[in-house]
Number of protein chains: 2
Amino acid sequence: MVARFIVKVILTIVKTILTKPWQLPIMPPMVIKQHQSQKTRHRKKQSESDHRAAFKLSTREKIIEAATTVFSDFPYYAASIRMVGKEANIDHPLINYYFPTKALLFEEVLRQVIGEYYQAHLEWFDGLFELGPEQGLSLYIDRLLEFSKSHPNALRIILLNLVQAEGSDIIPGYTLIREFFKKTMQTFIEAIPLKGSVSDIQKLTTSFNTLAINFLGANTYHASILGMTPHSKEYLRWVKDSMMFMILPRLKQIIG
Amino acid sequence: MVARFIVKVILTIVKTILTKPWQLPIMPPMVIKQHQSQKTRHRKKQSESDHRAAFKLSTREKIIEAATTVFSDFPYYAASIRMVGKEANIDHPLINYYFPTKALLFEEVLRQVIGEYYQAHLEWFDGLFELGPEQGLSLYIDRLLEFSKSHPNALRIILLNLVQAEGSDIIPGYTLIREFFKKTMQTFIEAIPLKGSVSDIQKLTTSFNTLAINFLGANTYHASILGMTPHSKEYLRWVKDSMMFMILPRLKQIIG
DNA sequence: AAAAAGGTTTAACGAACGTTAAAAATTTTA
DNA sequence: TAAAATTTTTAACGTTCGTTAAACCTTTTT
């Protein structure tokens with residue numbers, strides 16, 4: 001009796017799980033890591049029939065896009081699946097069809113957004129060191145600003161979920177943010193021809209990242225303090241001037 | 001035989017699945033709109049009888065203290081009245097007796113915490129300019145670190161609620177934060193004997209504040225990236241070193 | 001054309017939320 | 001000490017939350 005009940009419950013669970021096309025690694029943005037426990041069945045179908053892919057992806061992508069917007073407006077626990085559904089013009093349970101839990105959706109958005117940022121960031125170093133510290137930094141910041149104009153969400157999402165309660169539970173995907181920062185810092189350290197100590201480079205890059213995240217992620221805030229409009233050229237110029245002003249002296253010293 | 005094998009496999013799968021932290025949104029939902037109809041009854045009572053204030057405040061203060069803790073762990077919409085009640089060992093509706101709405105409680109906490117910070121901040125300038133830029137800045141940062149050790153909440157609360165959605169409703173008391181920053185910046189400008197342009201001082205103080213807020217308000221985050229403990233002397237030393245490192249060159253230039 | 005599978009919508013669940021109202025307990029006033 | 005006022009507790013309300021189940025289309029497979 002009891003055994004039969006238990007088996008039934010288990011079967012239900014398994015069936016439910018196997019039914020849903022969870023993680024479908026569609027167009028991995030930068031692929032920090034992908035889930036490995038997925039069913040080949042779905043993947044096969046997807047790669048087999050490409051004429052359907054366009055439509056299929058459309059819903060999933062609509063969700064991710066909307067989620068990116070919502071999660072860049074509200075911290076994790078304040079954002080809701082229903083907001084995402086509304087933003088995507090979709091019935092909200094459909095989101096659970098593609099992403100069984102809110103945590104998984106958030107992680108996917110985070111992974112994607114951070115991946116884009118990281119990949120772009122790598123390219124910002126191209127042809128920088130021939131320019132010397134001043135023009136090199138200037139170009140780097142220009143590229144950063146340009147990216148932040150077309151991808152205003154990454155820095156906001158990170159900043160929104162950066163502070164965590166000490167005692168309580170940590171946000172899903174929090175390690176993604178940490179790893180991202182570590183890797184970014186590492187890139188700097190490896191990319192900059194050393195003349196200063198590693199710890200000095202660490203201080204500089206941490207400060208750079210912190211200022212960038214705050215000035216661009218909390219642009220509404222800083223701009224309003226300065227009496228400017230968040231997206232105005234005036235404010236972007238102030239951001240660049242400020243970052244040049246703060247970073248350049250020590251950068252010169254480090255590069256020599 | 002086969003059945004037993006299948007059951008075993010299923011159990012393994014289920015166990016694996018149940019181990020994963022998908023589910024269970026541990027945290028609360030949000031309420032966007034705020035009610036504006038509050039009862040004058042309560043406010044009148046509060047201000048009328050002052051001789052009972054000592055005892056009354058004891059409950060009231062317990063609430064504010066608990067609320068300060070909660071609001072420094074969770075952003076406004078993620079924090080809840082019930083958390084505060086639990087933290088204060090109080091039935092949560094009692095909170096509504098002293099603070100008719102969550103917004104009013106938050107504003108009070110914000111006002112108090114920001115007030116403490118601002119007042120302390122004014123005293124940090126005492127006897128600074130005889131020391132010159134380097135030792136002066138050092139002493140100022142020491143005072144800041146000391147304050148942040150005894151009042152770890154102010155910077156966290158500010159940082160937690162700093163980013164705001166552009167389109168959506170603004171957090172109650174948001175203007176308090178903005179005004180606080182403006183005033184802080186003004187203090188700097190008036191206190192520092194000018195040799196540089198006002199706009200340079202503005203850049204410097206904004207950067208200083210931003211770094212301080214992030215390093216001290218998101219200490220868990222930054223410390224973990226550096227492989228340190230948030231409250232360790234090692235991390236506090238890193239914060240001081242970093243801020244000296246970043247601020248000093250331009251400060252010297254401005255003061256001359 | 002029928003069956004199967006995939007995708008979407010509808011309805012509902014249990015839990016947590018802010019807030020309110022009224023009862024109960026406590027303190028103050030008379 | 002009795003009455004009045006204040007404080008605290010209990011119970012409940014209406015919402016919103018994440019998630020689930022089942023019905024309902026739509027597409028694909030057989």
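Side chains are part of it too, since the values below use all heavy atoms of this structure and drop only hydrogens, waters and symmetry mates. In the text below, chain A, chain B and the rest are named by the order of the sequence lines, each starting its count at 1.
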Check: Is a salt bridge present between A:Glu107 and A:Arg111, judged by a nitrogen-to-oxygen distance below 4.0 Å?
Finding: yes
Notebook entry, point to check: Nearest to the side chain of B:Met83 - C:dC17, D:dT6, D:dG18?
Noted result: C:dC17
Checklist line | Gap between atoms CG and P, on B:Leu104 and C:dG18 respectively (whole Å) | finding: 14 Å
Check: For B:Ser80 and C:dA16, is the shortest distance between a side-chain N/O and OP1 or OP2 below 4.0 Å?
Finding: no
Next item on the list: Report the residues that fulfil ring pair (Phe, Tyr, Trp, His ring centres under 6.0 Å) with A:Phe106, sequence neighbours left out, ordered by chain and then residue number.
Entry: A:Phe71, A:Tyr76
Next item on the list: Starting from P on C:dG18, measure out to OH on B:Tyr97 and report it in whole angstrom.
Entry: 21 Å
Margin query: Taking 4.0 Å as the cut-off, does a side-chain nitrogen or oxygen of A:Tyr98 come that near to OP1 or OP2 on C:dT8?
Written below: yes
Note to self: If you only use heavy atoms from C-beta on, which nucleotide in D:dC17, C:dT20, C:dC17 is closest to the side chain of B:Pro93?
What the structure shows: C:dT20
Note to self: Heavy atoms from C-beta onward define the side chain here; which of C:dT10, C:dG18, D:dT10 lies closest to that of B:Arg82?
What the structure shows: C:dG18
Next item on the list: Could you pull out all residues at least two apart from A:Thr229 that satisfy side-chain contact (heavy atoms from CB on, under 4.5 Å)?
Entry: A:Ser232
Item checked: Atom-pair distance (CG on A:Asn96; P on D:dT19), nearest Å -> 6 Å
Next item on the list: Please state how far atom CG in A:Leu105 lies from atom C1' in D:dG18, giving the value in whole angstrom units.
Entry: 12 Å
Checklist line | Parallel, tilted or perpendicular, as decided by the 30° and 60° cut-offs, for the rings of A:Trp124 and A:His121 | finding: perpendicular
Next item on the list: Would you kindly give the CG-to-P distance between A:Asn89 and C:dT8, to the nearest whole Å?
Entry: 14 Å
Note to self: I need the NZ-P distance between A:Lys62 and C:dG7, as an integer number of Å.
What the structure shows: 14 Å
Notebook entry, point to check: Does any donor-acceptor pair link the side chain of A:His92 with the base of D:dT19 at a separation under 3.5 Å?
Noted result: yes
Next item on the list: Could you check which of C:dT9, D:dT8, C:dA12 has an atom nearest any side-chain atom of B:Leu94?
Entry: D:dT8
Next item on the list: Using whole Å, report how far OH of A:Tyr76 lies from P of D:dG18.
Entry: 8 Å
Check: Would you say B:Thr68 and B:Ile157 make side-chain contact, with heavy atoms under 4.5 Å?
Finding: yes
Margin query: Nearest whole Å is fine: how far is C:dT19 P from B:Asp91 CG?
Written below: 17 Å
Checklist line | Proximity to the side chain of A:Lys102 - top-ranked nucleotide from D:dG18, D:dA12, C:dT20 | finding: D:dG18
Margin query: Check this one for me: any side-chain N or O of A:Thr59 less than 4.0 Å away from OP1 or OP2 of C:dT8?
Written below: yes
